[in-house]
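Structure first, commentary second.
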Amino acid sequence: MGLIGDLSIQITQMLVVLLLSPLLTGFVRVVKARLLRRRGPPLLQPYRDLIKLARKEAIVADGASWLFRAAPYLIFAATWVAAALVPTFATGLLFSWSADLIVITALLGSARFFLALAGMDVGTSFGGLGSSREMMFATLAEPALIMIVFTLALIAGSTQLSTVAGFMLSPEVGLRVSLGMALIGLVIVAIAENARIPVDNPATHLELTMVHEAMVLEYSGRHLAMIELSSQLKLLLYVSLIACVFVPWGLAPVDAGFSAHLVGVAAYVGKLAAAGILLALFETTVAKMRVFRVPDFLGVALMLGLLATLLRFVSRGL
Amino acid sequence: MDRLSFDIAHLVAGGLVLVSFMLLYQDRLFALLNMFALQAVVLALSVGWQAYVQDAPHLYITAAITLAFKAIVIPVALHRIVARLGIHREVETVVATVPTMLAGIALVSLSMVVMLRVTQGADALAREDLAFALSVVLLGLLMMVTRRNAVSQVVGFMSLENGLILAATGAKGMPLVVEISVAFSILIALIVIGIFLFRIRERFDSVDLQALDESRGESR
């Protein structure tokens, strides 16, 4: 396949992540509601919410600067690009060769940076509180993610996601304790970063312990739609990242035919559904933590990342 | 030795280090004791696998002793002591969890640097086991330093001894007699410590070891 083929796969990938991300959020909500024996919202409700928000008038606070208006688009752009870099149904994406796991981490970090700035921009006390908490969590979550990236890079010999996925498929992997630790650490980071239950409750507004919602409290209309869509994209991104690294089966290899890509898409949808069910199960079985317990929870992820790197040195440094 | 058996040995020994970290993370006494029992089970698995790999049948006995004493007898005894003393609430840590974890990571890296340098040229499996064993020993010491409650200090001491057993099985040729006598001395230590726990409680109405410092006039 030439450049056109690669480009079309990359564009399909970008559209797939954009279109599937509200569906994943809706699916998690439905499963959670069913587990609580409620009927829950329809599966397509997140799409309707987004369309409704996009049509509404955007009201901006009096003291807001240009940053407040620009931030939703910047956050969305950074998250979308990061999501486009993770192989979902096919490896060897066109963009994936120019950027690796560290770039994805950095893009997510800049999205967080703008969100925290926007939270502080209007000057309400809730926004500042949310930003300060987000930064407190980020100081542990980001190093943890970087350590996990280092572990994967040391094991697979590359930070390139396509190469990592290829390595995980090969018999070279063997049985490694470091990989298990990296998986648990990555799941903890993903839960914290997506404001899921033990850390933050995605279903409530106006609660004293909220983090993510506190920062975006002042947004409305299309700005809020952008923010919502980017947080849905972020959830999809983390799920795809975990699926791509730890369950890479079904990914279409480079230069594969059309049928392989179809298999890849089917496998990807299956993985998303499994992840959604697991996430909903996890969220209904644990209680939310106190905010000041969260650093301990994230500290475990950081510890696992560091320990995984160290253990990797002992196994192959001999 | 083929790669799979090395990988399994690495998996189990690495799991032992991980469980040592989980011991540091616990702040409830019963959870701490359960985690200690889990550590003993992982150690027994590790020793059993070593027995299979090294083709050394006496190591199976070591594994059985570990499983019986450390995974069942000692945790059950400590459970009873804790329940009798009525202290199954919180463990007061001197240092908060995250700094303790970071100190633990520093100790693990220290032991890897030291052991991998010192044992150059030795068998790969022995080197790896020695490095992990030193980490478990140091983590046990760290636990004894950071806890004030006497029971969690006892658990720290016992987990330190688990590290010693891992080292002994990794380096081939520890006689069975030594093994058994170590196991029994641990049991005797448990009995002595149990008596002391009750004595401490009788005298100071708590098993917080800071009370000892205060009675000696050494408190801050």
Side-chain angles (χ1 to χ4, degrees), chain A residues 136-144 146-148 150-151 154-155 167-168 170-185 187-189 192 198-199 289-318, chain B residues 1-22 24-27 42 46 49 93 96-113 115-117 119-135 139 170:
Chain A
M136 177 176 86
F137 298 165
T139 47
L140 283 167
E142 275 183 15
I146 288 285
M147 286 320 292
I148 293 162
F150 283 162
T151 310
L154 280 169
I155 288 174
F167 178 81
M168 292 293 166
S170 70
E172 274 288 291
V173 188
L175 197 64
R176 285 167 201 257
V177 72
S178 301
L179 278 181
M181 291 177 183
L183 172 62
I184 299 172
V187 169
I188 292 177
V189 170
V199 174
M289 296 180 175
R290 284 170 56 214
V291 171
F292 295 103
R293 286 281 296 171
V294 174
D296 285 353
F297 182 64
L298 278 170
V300 173
L302 178 59
M303 184 271 289
L304 283 170
L306 284 165
L307 202 59
T309 316
L310 281 175
L311 293 195
R312 156 66 186 67
F313 271 113
V314 178
S315 73
R316 300 293 146 175
L318 301 172
Chain B
M1 184 177 29
D2 63 315
R3 272 196 47 192
L4 183 66
S5 59
F6 178 81
D7 276 350
I8 291 179
H10 183 253
L11 182 77
V12 189
L16 196 64
V17 177
L18 183 64
V19 176
S20 295
F21 270 97
M22 284 153 78
L24 283 178
Y25 185 73
Q26 302 304 323
D27 56 1
V42 175
S46 170
W49 184 253
T93 44
T97 316
V98 173
T100 316
M101 294 280 181
L102 290 180
I105 292 285
L107 287 178
V108 172
S109 38
L110 174 77
S111 66
M112 302 215 160
V113 169
M115 272 304 170
L116 294 183
R117 288 258 168 85
T119 58
Q120 245 161 23
D123 171 40
L125 187 59
R127 288 181 72 188
E128 171 230 48
D129 266 354
L130 283 176
F132 284 158
L134 186 61
S135 335
L139 288 177

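Each chain gets a letter, A, B and so on, in the order the sequences are listed, and its residues count up from 1.
Between the CZ atom in Phe132(B) and the CG atom in Leu311(A) there is a gap of 4.5 Å [rounded to 0.5 Å]. Of the inter-residue distances, the one linking Thr100(B) atom OG1 with Met303(A) atom CE reads 11.0 Å to the nearest 0.5 angstrom.
When the candidates Val177(A), Thr309(A), Leu304(A) are compared by the number of heavy-atom contacts under 4.5 Å with chain B, Val177(A) comes out ahead. Note: Ser109(B) leads Gly15(B), Ala13(B), Gly104(B), Ser109(B) in heavy-atom pairs under 4.5 Å with chain A.
At least one side-chain heavy atom of Leu102(B) sits under 4.5 Å from a side-chain heavy atom of Leu306(A).
Of all heavy-atom pairs between Leu307(A) and Phe21(B), the closest is CD1-CE1, 3.5 Å.
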